[in-house]
Amino acid sequence: MITALVPGSFDPPTKGHLDVVERCAALFDEVVVAVVHNPAKTPLFTADERVELLEQCTAAWPNVRAASFEGLLVEFAKEVGATTVVKGLRAVTDFEFEIQMSQMNRYLSGDVVSLFVATKPEYGYLSSSLVKEVARLGGSVDGLVPGPVASALKERLQ
Ligand code: PNS
């Protein structure tokens with residue numbers, strides 16, 4: 001039984017994130033989408049709201065669940081019995097920071113292995129920050145985020 005953790009800010013989840021989660025759902029027995037709760041930041045959606053959105057967006061994959069965590073990722077991985085951490089890579093610019101984080105996680109815990117999944121090319125430019133900016137400025141984000149997220153953005157920003 002291999003459990004994979006897909007961690008992130010997910011403020012909000014995008015179609016790029018969901019593409020990575022879908023890949024993981026097909027590869028692993030269990031997938032936990034882990035929403036970071038960082039009290040030092042002021043996200044648009046609370047950690048609970050992000051978990052709820054992810055639950056709605058991943059309902060079609062029975063081996064996927066969402067949860068939030070505070071503190072070290074490797075500690076949360078231990079808590080849920082995950083041995084693998086999966087992150088999506090859009091471009092080489094992502095790789096530079098992701099490799100740094102994965103090596104830090106390896107220093108903190110030799111039990112956790114980091115794997116990287118290339119995102120779909122059509123989502124290569126997609127980020128939660130840009131989605132929020134476009135939505136705030138009245139642009140359409142319907143093609144960039146799942147339906148429940150598009151509705152939540154409209155409600156939050158109207
Ligand atoms: O969506 P993001 O912003 O790329 O996600 C970053 C995340 C949540 C994976 C990263 O910030 C994280 O792992 N935070 C938990 C704190 C931690 O464990 N830090 C030390 C290892 S880098």
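Order of appearance sets the numbers: ligands from 1, and atoms from 1 within every ligand. Because the structure is a prediction, the values reported are computed rather than measured. The figures that follow rest on heavy atoms only: side chains count, while hydrogens, waters and symmetry mates do not.
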For atom 1 (O) of ligand 1, find the nearest protein heavy atom and state the residue, atom name and distance (0.1 Å precision).
Ser9 N, 2.9 Å
Please check if Ile2 and Val86 belong to a single hydrophobic cluster, counting links between Ile, Leu, Val, Met, Phe, Trp and Tyr side chain heavy atoms closer than 4.5 Å.
yes
Per-atom contacts, ligand 1 versus Leu72 - under 4.0 Å to a heavy atom:
17 (C), 18 (O), 20 (C)
Counting the benzene-type ring for Trp, do Phe10 and His17 have ring centres under 6.0 Å apart?
yes
Numbering as shown, the atoms of ligand 1 that approach Asn105 to under 4.0 Å (heavy-atom distance)
21 (C)
Donor-acceptor under 3.5 Å (Lys87 side chain, Ile99 main chain)
no
Atom 22 (S) of ligand 1: nearest protein contact (heavy atom, Å)
Met101 CG, 3.7 Å
So, 4.0 Å and heavy atoms of Glu75: is ligand 1 close enough to count as a contact?
no
Side chain proximity check, Leu144 to Lys15, heavy atoms < 4.5 angstrom:
no
Decide yes or no for Val131 and Leu153: does some side-chain heavy atom of the first lie under 4.5 Å from some side-chain heavy atom of the second?
yes
Tell me the protein heavy atom at minimum distance from atom 5 (O) of ligand 1, and give that distance in Å.
Gly8 CA, 3.4 Å
Please confirm whether the backbone N or O of Phe45 pairs with a side-chain atom of Arg50, one donor and one acceptor, at under 3.5 Å?
yes
Below 4.0 Å, non-hydrogen atoms only: which portion of Leu73 touches ligand 1? Side chain, backbone, both or neither.
both
If we count only non-hydrogen protein atoms and require a distance under 4.0 Å, does atom 12 (C) of ligand 1 qualify as touching the protein?
no
Measuring from atom 9 (C) of ligand 1, which candidate in Lys87, Glu98, Glu70, Gln103 has the nearest non-hydrogen atom?
Lys87
For ligand 1, is Ala34 a contact, meaning one of its heavy atoms is under 4.0 Å away?
no
Hey, which atoms in ligand 1 end up nearer than 4.0 Å to a heavy atom of Gly71?
15 (C), 16 (C)
Provide the number and element of each atom of ligand 1 under 4.0 Å from a heavy atom of Val36.
8 (C)
Return yes when Phe69 approaches ligand 1 closer than 4.0 angstrom through a heavy atom, no otherwise.
yes
Distance (rounded to the nearest 0.5 Å) between Phe116 CZ and Ser102 OG
4.0 Å
Strictly distance-based, threshold 3.5 Å: is any side-chain N or O of Arg90 a donor or acceptor partner for the main-chain N or O of Leu126?
yes
Do you reckon Val145 sits in the same ILVMFWY cluster as Leu130, going by side-chain contacts under 4.5 Å, direct or chained?
no
